[in-house]
Amino acid sequence: QLQLVESGGGLVQPGGSLRLSCTASGASLYNYYIAWFRQAPGKERVAISCIRPSGTIVHYEDSVQGRFTTSRDNAQNTAFLQMAKLETGDTGVYHCAAVRVGVGTRCARVAADFGYWGQGTQVTVSS
């Protein structure tokens with residue numbers, strides 16, 4: 001059973017940077033699409049990015065284009081979200097999510113399409 005654990009969140013000033021990690025256990029991440037979602041207080045989860053096993057980036061949410069970079073290291077069984085030029089609107093709990101590559105699965109923007117989730121890591125951008 002795949003398990004995901006996020007880390008790297010924290011409090012940062014506007015304009016700062018953070019690097020989030022999503023470490024997997026129980027299965028090889030090589031067989032999974034990996035997505036990052038953000039959930040702000042009182043709002044639904046928003047898809048930030050998704051990456052294929054090959055490392056191809058499928059999409060970035062419009063507001064993070066040019067500021068966030070997602071990557072993965074299949075050998076380390078870890079995915080990353082490098083966040084730069086952080087804004088107050090980036091505040092929220094960041095979750096990584098995974099779905100096994102197969103017929104009918106894809107690197108989607110829909111939370112319900114992902115069957116495996118980490119517990120999330122809080123990112124707060126504030127002066």
Side-chain angles (χ1 to χ4, degrees):
Q1 181 81 355
L2 181 69
Q3 294 184 319
L4 304 173
V5 177
E6 302 93 336
S7 60
L11 172 64
V12 63
Q13 292 185 342
S17 299
L18 283 174
R19 188 192 197 204
L20 306 184
S21 298
C22 172
T23 302
S25 61
S28 172
L29 269 185
Y30 181 77
N31 298 312
Y32 293 82
Y33 299 119
I34 303 296
W36 287 93
F37 286 79
R38 178 183 64 230
Q39 186 160 24
K43 297 186 178 180
E44 294 185 355
R45 291 184 183 183
V46 173
I48 298 299
S49 68
C50 193
I51 185 170
R52 295 191 176 111
S54 64
T56 303
I57 311 301
V58 174
H59 65 78
Y60 285 107
E61 197 263 338
D62 289 346
S63 70
V64 309
Q65 283 277 1
R67 300 188 297 118
F68 289 13
T69 303
T70 192
S71 62
R72 62 192 295 161
D73 186 330
N74 292 328
Q76 293 188 26
N77 235 23
T78 302
F80 304 96
L81 184 66
Q82 179 69 49
M83 306 186 294
K85 300 178 182 179
L86 283 160
E87 304 168 354
T88 55
D90 296 322
T91 294
V93 177
Y94 284 72
H95 297 268
C96 63
V99 60
R100 190 177 178 88
V101 174
V103 176
T105 64
R106 59 194 177 101
C107 226
R109 299 175 184 263
V110 180
D113 285 355
F114 291 85
Y116 300 94
W117 290 83
Q119 82 291 347
T121 185
Q122 176 70 45
V123 172
T124 303
V125 185
S126 175
S127 55

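Heads up: numbering here begins at 1 and tracks the sequence.
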Are Ile57 and Tyr94 linked, directly or through intermediate hydrophobic residues, by side-chain heavy-atom contacts shorter than 4.5 Å (ILVMFWY only)?
yes

Test your reading of the model: is there a side-chain donor-acceptor pair from Gln39 to the backbone of Gly92, 3.5 Å cut-off?
no

Quick one: SG on Cys107 to CZ on Arg52, what's the gap to the nearest 0.5 Å?
6.5 Å

With a 6.0 Å cut-off (strictly less than), is the heavy-atom count around CD of Gln65, excluding the residue itself, greater than 12?
yes

Output for pair (Ser63 OG, Ile48 CD1), nearest 0.5 Å, gives 6.0 Å

Check: Arg100 main-chain N/O paired with Thr105 side-chain donor or acceptor under 3.5 Å
yes

To check you understand the geometry: which heavy-atom pair defines the closest contact between Leu2 and Ala98, and what is its length?
CD2-CB, 3.7 Å

Are the side chains of Tyr116 and Gln1 in touch, meaning some heavy atoms are under 4.5 Å apart?
yes

Hydrophobic cluster membership, Val123 vs Tyr60, 4.5 Å side-chain cutoff
yes

Please confirm whether the backbone N or O of Ser127 pairs with a side-chain atom of Gln13, one donor and one acceptor, at under 3.5 Å?
no

How close do Gly8 and Thr121 get, counting heavy atoms only, and between which atoms?
N-OG1, 4.2 Å

For the student: nearest non-hydrogen atoms of Ala79 and Ile34, plus distance:
CB-CG2, 3.7 Å

Does the Arg67 side chain pair with the main chain of Lys85, one donor and one acceptor, at a distance under 3.5 Å?
yes

Residues Arg106 and Val99: closest non-hydrogen pair is O-CG1, 3.9 Å

Checking side-chain contact (heavy atoms from CB on, under 4.5 Å) against Phe68, which of Leu86, Leu20, Leu18 comes through?
Leu86

If you measure from OG1 on Thr69 to CE on Met83, what distance do you get to the nearest 0.5 Å?
11.0 Å

If the plane angle is over 60° it's perpendicular, under 30° parallel, otherwise tilted; pick one for Trp117 and Phe37.
tilted

Heavy-atom closest pair (Cys50 atom, Phe114 atom, distance to 0.1 Å) is SG-CZ, 4.1 Å

Leu81 vs Ser49 side-chain heavy atoms within contact, under 4.5 Å
yes

Donor-acceptor pair, distance only, cut-off 3.5 Å: does the side chain of Asn77 make one with the backbone of Ala27?
yes

Does any non-hydrogen side-chain atom of Arg72 lie less than 4.5 Å from one of Pro53?
yes

Does Phe80 offer a backbone N or O that forms a donor-acceptor pair with the side chain of Thr70 under 3.5 Å?
yes

What's the spacing between Thr23 OG1 and Gln76 CD if we round to 0.5 Å?
8.5 Å

What are the two closest heavy atoms between Leu11 and Ser126, and how far apart are they?
CD1-CB, 4.2 Å

Under a 3.5 Å cutoff, is there a donor and acceptor pairing between the side chains of Thr56 and Ser54?
yes

Below 4.5 Å, heavy atoms only, C-beta onward: do Pro14 and Val125 meet side chain to side chain?
yes

Is there side-chain contact between Val58 and Tyr33, with heavy atoms separated by less than 4.5 Å?
no

Taking the side chain as C-beta and beyond, is there a heavy-atom pair between Arg38 and Asp90 under 4.5 Å?
yes

Between Glu87 and Gly89 (side chain of the first, backbone of the second, donor and acceptor by atom type, cut-off under 3.5 Å), is there such a pair?
no

